[in-house]
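So the structure is just underneath, and the comments pick up after that.
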2 protein chains.
Amino acid sequence: MTDGRSRRREDTRQRLFEAAVELIAEQGFSATTVDDIAARAGVAKGTVYYNFESKTVLFEELLRHGIGLLTAEFRAAVAGLPPREAVAALVRAELEYIRRYRAFAQLLLSEMWRTNREWQQTLRLLRGEAIEVIAETVRAGVRSGDLPADLDVRTASSALFGVGLVVAVDWLVFQPERPIEDVQEALLGIVRRVAQT
Amino acid sequence: MTDGRSRRREDTRQRLFEAAVELIAEQGFSATTVDDIAARAGVAKGTVYYNFESKTVLFEELLRHGIGLLTAEFRAAVAGLPPREAVAALVRAELEYIRRYRAFAQLLLSEMWRTNREWQQTLRLLRGEAIEVIAETVRAGVRSGDLPADLDVRTASSALFGVGLVVAVDWLVFQPERPIEDVQEALLGIVRRVAQT
DNA sequence: ACCTTTGCACTGACTGGTCAGTCTAAAAAC
DNA sequence: GTTTTTAGACTGACCAGTCAGTGCAAAGGT
């Protein structure tokens, strides 16, 4: 392969990510053991350490992977859209993403506002990247006059991001029987002031 | 009554609560050791076990204590207010509470949506109590016609609760320099559809 | 006044278990 | 023949929970 990694190895890494994300979402990083992750992924413990330097590095790469996907979907969602629709599209993209990667979203919600953890710096950085995509859109909306000029872009963007997370995860955890359309509806209602839909 | 002994013991329990809430907010329940809690509270490890059955029970009593306070403030905030103003008052009370007990709010945000933890059932119950206060208010608003009749009370109430948490904690963690008035403003803007302020 | 007892609150060394990370030799996959 | 994975024993650190013992203040006895 061009990057020197075989497909097989990539598969193993993927399975480890999936096992880790589920367990960490349920129990948290500290309560999840490497033996658990290996067992759920169906590989030997040594394989975890063949593929990742440490438990912490595995988690950091997992964060990078997951937020990278989210950021990419944000970018795709707003491409070429006028500001009004772009904000609504961001909300939809976030919900769609959370529905697909529910465990990752849950994990993110739980670990996002921690302080004093080794990987905290990494997470802070990645969060900044995702929010920057939102901020670009909001900024464009303010510039074009579609959004109120007095809107604080930084606060609005991070609030938008956080609100989507919390409402969607709350839905997945506490009211999974509700159809996603209702949640989308509720969320768009909540952010109407920014979205102006 | 308030004999010297039990007052002393109550002080110790209070100090343990304060130490535990800070450490767990920063690091999470599993990553926080009983030795850490004892050290920060300035007592010996044995004292923790003299006052609480186990680490888990300490945490559960902490949750009960913290959410009990929040629920009480919610009730006090809406007492005698008409529905329109009551919802806004709830948001203000939540923000005020989070500002005062920032560590507890952070802890709540991080542990609220976990599954598969021993104390999960306790937390779910307590969350229900706090949200019920909000739901009563929203329900009254729907009944009186001040809030839209098609509003889903359960979803709206838990969304209201979660949104306040996430926006306020995000503010405390990532933009502590911003004045609280801005955050209150932003939050009221976000929930305007429900609050109708 | 002066011991003596009682029991509460607390102490900190200790125990038994758990877990991240290591290592090896051999097999499987490519 | 090189890379990747296996199985699992092992180590050392760490940690929840225990327990015999200390200090002390109030009660009771003399």
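Worth knowing before you read on, the calculation uses all heavy atoms, side chains too, and leaves out hydrogens, waters and symmetry mates. Chain identifiers are assigned alphabetically (A, B, ...) following the order of the sequence lines, protein sequences preceding nucleic acid strands; residue numbering begins at 1 within each chain.
At the heavy-atom level, B:Lys45 lies under 4.0 Å from base atoms of the strands shown.
Residues B:Phe17 and B:Phe59 keep their aromatic ring centres 6.0 Å or farther apart.
A sub-4.0 Å separation between OP1 or OP2 of C:dC10 and a side-chain N or O of B:Thr12 is present. At least one side-chain nitrogen or oxygen of A:Arg9 sits closer than 4.0 Å to the OP1 or OP2 atom of D:dT4. Taking only side-chain nitrogens and oxygens, B:Thr47 comes nearer than 4.0 Å to OP1 or OP2 of C:dT11.
In this structure, B:Asn51 places its CG atom 8 Å from P of C:dA9, rounding to the nearest Å. Between the OH atom of A:Tyr49 and the P atom of C:dT24 there is a distance of 17 Å, given to the nearest Å. To the nearest angstrom, C1' of D:dA16 lies 13 Å from CG of B:Leu58. To the nearest angstrom, P of D:dA16 lies 15 Å from CZ of B:Phe52. One interatomic measurement links the two molecules: CD of B:Gln27 to P of D:dC15, which rounds to 10 Å at whole-angstrom precision. As rounded to whole Å, 13 Å separates atom C1' of D:dT4 from atom CD of A:Glu10. One interatomic measurement links the two molecules: CD1 of A:Ile24 to C1' of C:dA20, which rounds to 14 Å at whole-angstrom precision. Rounded to an integer number of Å, the gap from B:Tyr50 OH to D:dC24 C1' is 13 Å.
In this structure, B:Glu185 CD and B:Glu181 CD are separated by 10.0 Å, a value rounded to the nearest 0.5 Å.
When each of A:Arg154, A:Arg75, A:Arg139 is tested with A:Glu132 by the rule salt bridge (Lys or Arg N to Asp or Glu O under 4.0 Å), just one qualifies, namely A:Arg139.
Looking at A:Arg15 and A:Glu18, no side-chain N of the basic residue comes within less than 4.0 Å of a carboxylate O on the acidic one, giving no salt bridge. Using a 4.0 Å cut-off between charged side-chain N and carboxylate O, B:Glu60 and B:Arg117 make no salt bridge.
Shown for residues 30-44 of chain B: residues whose heavy atoms fall under 4.0 angstrom of DNA chain C, namely B:Val43, B:Ala44.
Side-chain contact annotation: B:Thr33 with B:Asp35, donor-acceptor N/O pair under 3.5 Å absent. For A:Thr115 and B:Glu26, the side-chain atoms include no donor-acceptor pair closer than 3.5 Å.
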